[in-house]
Structures are given as structure tokens and as C-alpha cells.
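Just follow the structure's listing: the first ligand is 1, and inside any ligand the first atom is 1.
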Amino acid sequence: IICGVGSDEIIGLLCHAYAGPGDEVVFTEHGFLMYRIYTQATGATPVSVKERERTTDVDAILAACGPAARLVFLANPNNPTGTMIGLAEIERLAKGLPGGAILVLDGAYAEYVEAYDGGAELATRLPNVFMTRTFSKIYGLGGLRIGWGYGPKAIIDVLNRIRGPFNLSTAQMEAAEAAVRDRDHVDRCRAENTRMRAWLAEALAEKGVPSDTSTANFILARFADEAEAVACDAFLQSQGLIVRRVAGYGLPNCLRITVGDEASCRRIAHAIGQFKAQR
Ligand SMILES: Cc1ncc(COP(=O)(O)O)c(C=O)c1O
């Protein structure tokens with residue numbers, strides 16, 4: 001295990017350690033933006049792979065990985081789509097990669113999925129699989145900046161050689177330890193998220209705003225077009241409600257809506273209903 005200032009730091013360390021000019025770093029079309037940014041910072045070439053209906057397409061990733069591929073980043077569940085693929089598909093991907101490439105399974109949202117280990121077992125068994133995790137999502141500690149990576153010792157050794165020796169404070173480590181021991185918190189949040197996510201998705205669909213089946217703590221709400229998404233965002237802001245525009249992720253007609261508590265979910269569904277009714 002290696003700890004980082006958020007899993008973001010681990011992603012950065014992986015790019016700096018394994019990619020540089022002439023190398024390629026592969027990720028999916030609507031993947032987390034930091035994959036591209038860190039890749040560019042190292043001078044390597046970012047390779048964006050098309051998804052199928054906003055879901056990871058393993059065959060497309062395999063087809064995109066040539067001999068220059070060094071890292072393949074896959075957030076599972078993915079942000080901002082909320083979709084995920086199963087472990088059998090991930091294993092097929094890992095086993096099909098060219099020799100010099102490492103599959104990085106970004107498990108930032110893994111805890112929201114019942115009976116899913118984020119790829120830990122694969123990272124234990126396969127030499128080219130590495131997993132990142134964070135305390136920023138289900139643990140609610142985003143501002144404290146604590147993440148971790150897990151995988152083959154050879155990779156951890158490389159990352160430790162370039163990691164700043166003082167990257168995490170004692171306070172961060174103590175908070176992380178207390179959080180990881182609080183299993184009731186995670187179970188409660190997962191159950192409540194699952195319940196309200198289903199409710200919210202259905203409520204929005206009834207108002208003419210569809211979404212893919214989400215496995216994370218947000219819903220990617222799809223609007224008719226970009227203009228409608230922008231207008232809805234402005235309306236929500238006028239009501240004091242903040243959601244996330246995701247045009248930067250290549251999804252201009254969508255808004256990412258966090259699954260809050262029941263009162264928040266009812267409030268946002270009501271507001272979106274008002275917005276749709278006035279159009
Ligand atoms: C998919 C994914 N990976 C990694 C991160 C980085 O999280 P942190 O650095 O807070 O651990 C995020 C944050 O939004 C994310 O959505």
C-alpha cells in the first residue's frame with residue numbers, strides 16, 4: 001500500500017513514474033479529467049477511447065493499446081457517467097494488454113457498489129493491475145486529502161522512490177485510520193445512497209430527464225440538448241441548488257447530480273419538475 005494526498009496524487013505519481021515523451025496513456029472518452037492533465041504534464045501522449053453508450057468498451061481499449069501504451073486508467077464506477085463494468089471484463093482487459101502497460105483501476109466510487117472490492121483481488125493476483133482508492137467519497141473526507149494505492153510490490157517500490165517523504169500529515173493518517181475502522185458508516189451510506197439513487201433516477205425519468213443506471217453517488221441526468229442543460233443549471237442555481245455541468249467531459253447535454261439525503265433528493269427532483277413544466 002502507498003498513501004497519497006488524495007488518490008489524485010497517486011494518479012500523478014503513476015504518470016510521472018511510468019510515462020514520458022513517446023509513451024501513450026490510455027483512458028476512456030468520459031474518464032476523470034486528471035488522467036489527461038497528468039499525462040500531458042509528463043510529455044506523454046493521451047489516448048482517449050470511445051465508450052459504448054457512456055460505458056467502458058474493453059475491446060475498444062484493447063484495440064487502442066499499442067506497444068507505446070504504458071498506463072491504462074479505468075475509473076470503475078466511472079465519473080461522471082456512473083456506469084461500471086464487471087470484474088470478468090476487467091480481467092479480460094488486464095490480460096489482453098501489451099507487455100509494458102499497467103492497468104490502473106480507479107476505485108474512487110468502489111464503496112458504493114455492494115460486494116465489489118474495487119479490483120483489490122485482481123491487483124493481488126495480476127502483475128499489471130494497480131488499484132487506487134480514496135477517503136474523499138463515501139467517507140466524506142474530500143477536504144482532508146487522503147488516498148491510497150494498492151498493487152504489486154514492484155510498482156509500489158517505484159512510486160515510493162518519487163513520492164515526497166512528507167506527503168501525508170499525522171492528522172491525515174489518524175483520520176484515515178479512524179474512518180476505515182468505521183464500517184457502520186460505510187454500510188449506512190451505501191444503503192442510503194442506493195435507496196435514494198433509485199428514487200431520484202425514477203423521479204427524474206418521470207419528468208422527462210433520463211439517466212443511465214448509476215453505480216456511484218450521483219446521477220448523470222440527460223437533457224434534450226446543451227441549451228436545455230445550461231438553462232436547467234441556471235434555474236437550479238437560482239433556487240440555491242448546485243449540480244455539476246460536465247461539458248468538459250464531452251457531455252454538454254448532461255448535468256451530474258449528487259445523490260444527497262432524502263430531503264435534498266426531493267428538493268432537486270421538485271425543482272427539475274418545475275423547470276420542465278415551465279418550458
Ligand atoms: C474517478 C476519480 N478518481 C479520482 C478522484 C480524485 O479524488 P481524490 O484525489 O480526492 O482522492 C476523483 C475525484 O473527483 C474521481 O472522480
query: For Gly147, is the nearest heavy atom under 4.0 Å from an atom of ligand 1?
result: no
Return the closest protein heavy atom for [atom] as residue, atom name and distance.
| atom | result |
| --- | --- |
| atom 11 (O) of ligand 1 | Thr134 OG1, 2.5 Å |
| atom 16 (O) of ligand 1 | Asn79 ND2, 2.7 Å |
| atom 12 (C) of ligand 1 | Phe32 CZ, 3.4 Å |

Interfacing atoms of ligand 1 (cut-off 4.0 Å, heavy-atom, [X]):
| X | result |
| --- | --- |
| Ala108 | 2 (C), 3 (N) |
| Arg145 | 8 (P), 9 (O), 10 (O) |
| Ser136 | 8 (P), 10 (O), 11 (O) |

Under 4.0 Å between a Lys/Arg side-chain N and an Asp/Glu carboxylate O for [X] and [Y]?
| X | Y | value |
| --- | --- | --- |
| Arg125 | Glu91 | yes |
| Lys207 | Glu202 | no |
| Glu192 | Arg188 | no |
| Arg222 | Asp212 | yes |
| Arg92 | Asp59 | yes |

statement: Closest heavy-atom pair, Thr42 versus Pro21, reported as atoms and distance to 0.1 Å, is O-CD, 3.5 Å
- prompt: How are the rings of His185 and Tyr139 set relative to one another: parallel (under 30°), tilted (30 to 60°) or perpendicular (over 60°)?
  reply: parallel
Part of [X] with heavy atoms under 4.0 Å of ligand 1, whether side chain, backbone, both or neither:
| X | result |
| --- | --- |
| Glu9 | neither |
| Ser7 | both |
| Tyr109 | side chain |
| Asp106 | side chain |
| Lys137 | side chain |

message: With no hydrogens and no angle check, just 3.5 Å: does a side-chain donor-acceptor pair link Glu9 and Asn167?
response: yes
